[in-house]
Each structure stands twice: as C-alpha cells, then as structure tokens.
Amino acid sequence: MTTRTRFAPSPTGYMHIGNLRTALYEYLIAKSQGGRFILRIEDTDQKRLVEGATDIIYNTLKMVGMNWDEGPDIGGDFGPYVQSMRKDLYAPYAHKLVELGGAHYCFCAEREKQLDEDGNEIICKFDDPCKHLSLEEAKARIAKGEPYTVRQTINKTGKSHYEDKVYGIIEIDYDELDEGVLLKTDGFPTYNFANVIDDHLMGITHVVRGSEYLPSTPKYNLIYDAFGWERPVYVHLPPVMKDAQHKLSKRNGDASFQDLLAKGYLPEAVINYIALLGWNPGNEEEIFSLADLTKIFSVERLNKSPAIFDIVKLTWMNGVYLRNLSADDFYQKALPYMESLPQNVDKKALAAALQPRVETLGQIVEQIDFIRALPDYSTELYFNKKMKTDVEIAKQVLPLIKDTLTNQVAWDNDSLFASLKTLAEAKGLKNGQILYPARIALSGKETTPGGATELAVILGQQESINRIDQAIKKLN
RNA sequence: GGUCCCAUCGUCUAAUGGUUAGGACAUCACCCUUUCACGGUGGUAAUAUGGGUUCGAAUCCCGUUGGGAUCACCA
C-alpha cells in the first residue's frame, strides 16, 4: 500500500515554525517511501477563518519545495480537499455512527452544563444523560426541530491501547475519555470527527500531528473501530519550544516562516534547520537539501522530547547556505537589501565583500549603512591592541593618509594598498597602524565589509578624503 | 487537580548494558589576515535525583524532582 500523509492546517493565520516542521515530516514520511503528500484545508470553524491564510499556506509550501500531490487547487481522486466543501458528507456518517452505537444524539445546552433534579450540575461530556434516551425518542425530538448535536458514546470501562511510532505503546483508561461533540448544532463536524472521516476517505495511512493529541487518540480509534475501518499508523511529534517553558506560538510574536524570510533567511536553510529539530540522520552531517532529506529520512530516528527553537544556530546555518551560493546568486539575493546605496557604488563588488560577512541577508543593511552617511562614532574605535593602534597613533597618521590619498592617481585596491604600505614603511610603522585608523575614519564602524583600501574604492576618492579630513577634525 | 508524555554539555543531538560519554551551534584561546569576517587548531562544558537489577547502567525497573500536554459545539 502506498504511503499517504496529509498536511491539514486550519487557515487561521500565519504559518509558524512548528506547523511547518509538522508539514515537513509529513512530506518526508510520504516521499521517503515513494508515497503521496496531500494538502487539506480544515476550515470547519467558520468563526476563526482568516482571509488570505490559505494563500500563505500555499506560498510557504511552494517556496520550500514541498509540493503536494493532491490538494484544493490541483484536485485529486479524493476531493474536495477543503472541509467546508465537504460539509454535507459528514452528517450521514455521524448518523451512521449513531446506528452503530458509537455515538448518540444529545440535546444538552451549549455550555454543556445542566442540572439534575436535585440541582446538581451534570456534565454531558462525562456522563451524558442524553445517551440513555431511546433512539426513537431522540429522533422524535429532532423531528420536532429541537437543536441537537451528535456526541460520541464511550463505554467507560477498561483500557485503551495503541502504538505510536514515536512514543511507543500508549495506554489510557476509557474512563478518562470524554464524550465529545462530533457534529455541532450548526451541522458542521468538529475537528475530531471531520479528521477521522476525511483521513479514512482520503486513504491516509500515516496520521502525523502534534503530541498534544496523544491522550485523545483513543477516541479516534473508537470511531475507526465502530465503522470497521482500519486504524492509521500514528506518528505524534513533540512540540517545538520557544524556551524551556513555552511552546513556540505566533501570538507572542515568535518567529513565523514569514518573519524569517523577511529577515533574510533562505527557505532552504530554514527547512534544513527544522528538519534537525527533533530528527537526526544518525551520522554527523547536518547540511541537507529537501531532496537529500527525502532519501535519508526515517521515522525511527524521530525524537520524542521537546526541542527549543534556537535562532542562533539557524542563523549560523543560514550563513553556511549564503556562503555556498555562487557569487552571482548571492548578488541577486542581496540586491533588494542594497537599495539605499548611492548610484556610483559597485554593488557587485560590494556583494562579494559581503558574502562571507553576513549570516542573514537582513544584516546587509546594517553592514553598509556607513556608505551613505558616516555614523557618529567614538574615537575609542581607534584603539586596537593587536594592531598597536590608538587615538594618538590615529592623530599622527591620519594627516599622512590624507596626503597620500590626495596625491593618489590610480584609485583601485592594489594601487591604494601599495601606496599606503609604502607610507607605513617610510614612517617605520606597521601596516595595521596605517590601515586600521584609515578604516575607522572611512567607516566609523568596528566591523566593515572589507579593509581600508576596499572601503576607499567603494566610497571614491573625494568622499574618502572628506572622511579622513572629518576624522582629523574630530580628533583635534 | 486527574490523566498522558518527557528528562545527556547553555542549545540541537549521538551513544539501542561495556566509549577517555562523540558531533554541531554558542562561548573562550591561539593561528591565518589589510580591519572585521571566512577558514584552521585547541579548550571549557552534560547523563536531574534517590533506590534497585546486573560482573558492569546514560541505557532496564521503581520512587522523587523538574518540565510539557490534555481535560471546548477550537483545530
């Protein structure tokens, strides 16, 4: 049987990293076994729909290369792939389940609280009085137009067992399971029910989802069993954490895929990083493309403890991807971040200098801000122990540099370097004692995309001389 | 609170009874260097805790502690 997995997001907002990782593992489980990856939109809660949310889902998946084999936009043999369009399909199954004894009609009020004859509160989901109603009586009340729900019926004795691919055997007392609503008053199914029906109808073989479903999975199994359907393989995933106490959640402004993109992270790097958040290949490699991952992925190497999302390591990995880009690819990607630059700047050369120096494309902006305008900087920057420079050296050397630059004819990197080196030798100074202060004076920054002469080339002769001049004035 | 789940460096993890507990990020030092990076070399750093079982436990069992999840006509 071919493996079929589905990614079934609800379109309620942005795609966060935990969601994306779930989708990734679903994709990899299918693709590593030559199976099919299905996209299904779960929009049964009409109140929570967010406009444009499905487009974000489509775009994200496409951008990272996780192409689906069946889905709302491309169809497939088991459509439609949007739950709201399947609405009419669920109710007959709900009624069938009542016939089969797996559910009953319930007339409890929405808050699920009612009082018995002594005024004590009774809770439907735990011991629903409606389940003792005869089917005839229930049907009669429905016929009268009374609002109702279909509620799962659970025999509260014994224990449930099932095997999860990640967590192993899970055992839960039936007594712990509540008799949840399957079909709402509005005729829509709840997630619990729609999920089971759709997964079965769509031939899903591996149900992959967050570990928060671990305790409620027996309820799903009861439904499969009542219909006489084969249970799927379960793969529950540990949560992705923001820190030791909190799950990653977008509500607190935690990193969403969109945020990361905006900051200049590459989709490939993000995918690579999150693949390793809860899974490992069993060897010490860690740079993998999506295609690599489909070859080596295995469910057995999935981890069961929560993993903290570490932006620092992602950033490192993004830097690796950036450095592996061809010079031209990097240039193309860097271009949008270099818009503030004056016309005369050689962006291609600048990009080449930037490539090994940034770990996200977003860092380009702060790396190059000095080009347009010299920042306000502290003269402390002139101090560098290894270069044997300090403010005094700068005072002494900057006027000499100014003269050299003023007399310079050939304004290219090699010529400039040769001239300044000659200057250093003539004055009996180390190269760094000339070049370091020059770089600070030209940029006003501690770290820059290139050395003094490279900056001078970028800035041009006139601007370079101006800046050296300003620096001299600043020191006196 | 009931129930379920989890527990190796700060972080991601490897080691399916026998290893000097390995790697990566971060961090520190040094090297390289025209600054800063990149790159290279090395260092610091972990089996939560108490009991068992065993010749031998990070690994198996029990307790404790800590953490997470779940208990909606949300998904």
Side-chain angles (χ1 to χ4, degrees), chain A residues 8-12 42-45 47-48 83 106 108-112 124-126 147 149-151 164 167-168 170-173 175-178 180-186 188-192 194-195 209-217 236 238-239 241 243-247 273 276-287 301 303-317 319 323 353-359 367 381 384 386-387 389 413 416-417 420-421 424 431-432 434-440 442-443 445-455:
Chain A
S10 56
T12 56
E42 305 214 333
D43 57 349
T44 55
D45 185 7
K47 291 180 223 126
R48 294 212 310 172
Q83 282 185 334
C106 174
C108 296
E110 181 153 347
R111 286 311 303 166
E112 297 200 39
C124 299
K125 70 177 184 187
F126 195 70
T149 60
V150 173
R151 194 178 279 278
D164 179 80
Y167 288 92
I170 304 293
E171 181 183 274
I172 293 176
D173 284 353
D175 194 37
E176 290 295 324
L177 303 178
D178 52 59
V181 169
L182 266 22
L183 200 67
K184 303 184 238 180
T185 315
D186 65 5
F188 272 83
T190 57
Y191 163 83
N192 300 304
N195 213 261
R209 52 167 44 152
S211 62
E212 66 269 25
Y213 295 103
L214 231 28
S216 56
T217 296
H236 286 95
M241 309 292 284
D243 55 45
Q245 274 76 38
H246 307 284
K247 241 174 107 163
Y273 174 71
L276 263 18
L277 258 193
W279 176 87
N280 74 82
N283 58 37
E284 285 169 357
E285 285 175 55
E286 47 184 6
I287 301 298
R301 299 203 67 90
N303 252 34
K304 50 182 158 187
S305 42
I308 297 173
F309 176 79
D310 182 11
I311 189 82
V312 175
K313 183 149 186 178
L314 199 213
T315 303
W316 163 79
M317 189 171 276
R323 275 173 252 129
L354 252 10
Q355 189 166 3
R357 290 180 172 81
V358 294
E359 292 188 308
Q367 278 272 327
L381 288 182
N384 183 291
K386 270 182 65 179
M387 291 299 121
T389 68
N413 193 57
L416 280 164
F417 183 59
L420 291 173
K421 194 175 176 195
N431 289 347
I434 297 290
L435 293 161
Y436 195 100
R439 189 180 66 85
I440 298 300
L442 289 172
S443 67
K445 296 182 70 140
E446 189 172 10
T447 68
T448 53
T453 56
E454 285 157 305
L455 299 189

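Every heavy atom of this structure was used, including side-chain atoms; hydrogens, water molecules and symmetry mates were not. All of these numbers come straight from a predicted model, not from anything done at the bench. Below, read A as the first sequence line, B as the second, and so on, with proteins coming before strands; counting in each chain starts at 1.
A straight line from CG of D310(A) to C1' of A24(B) spans 11 Å, rounded to a whole angstrom. Following rounding to the nearest Å, Q83(A) (CD) and A75(B) (C1') show an atom-to-atom distance of 9 Å. One can place CG of L182(A) at 12 Å from P of A75(B), the figure rounded to the nearest angstrom. K247(A) places its NZ atom 16 Å from the P atom of A75(B), with the value rounded to the nearest Å. Between the C1' atom of G2(B) and the CD atom of E171(A) lies a distance of 16 Å, rounded to the nearest Å. Computed from coordinates, the H246(A) NE2 to A69(B) C1' distance equals 14 Å when rounded to whole Å.
Searching all strands for a Watson-Crick or G-U wobble partner of A46(B) with both distances below 3.5 Å returns nothing. Look at G18(B): its Watson-Crick or wobble partner, with both distances under 3.5 angstrom, is C55(B). Using Watson-Crick or G-U wobble geometry with both donor-acceptor distances under 3.5 Å, C71(B) finds its partner in G1(B). Under the Watson-Crick or G-U wobble criterion, with both distances below 3.5 Å, C25(B) is paired with G10(B). Checking A37(B) for Watson-Crick or G-U wobble geometry (two distances, each under 3.5 Å) identifies no partner in any strand.
Residues N413(A) and T453(A) have side chains that bring a donor and an acceptor to within less than 3.5 angstrom of each other.
In this structure, the aromatic ring of Y191(A) is not positioned over the six-membered ring of the base of C74(B) within 5.5 Å between centres and 30° between planes.
Distances from the side chain of K184(A) to the nucleotides C5(B), U70(B), C74(B) place C74(B) closest. The side chain of N192(A) lies closest to A75(B), out of C5(B), A75(B), A14(B). The E42(A) side chain lies nearest to A75(B) when the options are A75(B), A26(B), C4(B). With U70(B), G23(B), C6(B) as the choices, the nucleotide that has an atom nearest any side-chain atom of E284(A) turns out to be G23(B). Distances were taken from every side-chain heavy atom of E212(A) (C-beta onward) to each of U34(B), A69(B), C4(B); the shortest belongs to A69(B).
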Please tabulate, one pair per line, each protein N/O and nucleotide N/O from nucleotides 38-49 of chain B that are separated by under 3.5 Å, including the distance.
residue, atom, partner, partner atom, Å
G39(B), OP1, R323(A), NH1, 3.3

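In terms of polar N and O atoms assigned as donor or acceptor, the side chain of T453(A) comes within less than 3.5 Å of the base of U34(B) in a complementary pairing. Side-chain to base pairing of Y273(A) with A24(B): no donor and acceptor N or O lie closer than 3.5 Å to each other. Put simply, the side chain of K313(A) and the base of A24(B) share a donor and an acceptor less than 3.5 Å apart.
Nearest-nucleotide positions on RNA chain B for K304(A) and P9(A) put K304(A) closer to the 5' end. If R301(A) and S305(A) are placed on RNA chain B by their nearest nucleotide, the residue sitting closer to the 5' end is S305(A).
Residue N280(A) places at least one side-chain N or O closer than 4.0 Å to OP1 or OP2 of A14(B). The side chain of N303(A) places an N or O atom within less than 4.0 Å of a non-bridging phosphate oxygen (OP1 or OP2) of A14(B).
Separating the P atom of C4(B) from that of C61(B) is a span of 16 Å, rounded to the nearest Å. As rounded to the nearest Å, U13(B) and A29(B) have C1' atoms that lie 26 Å from one another.
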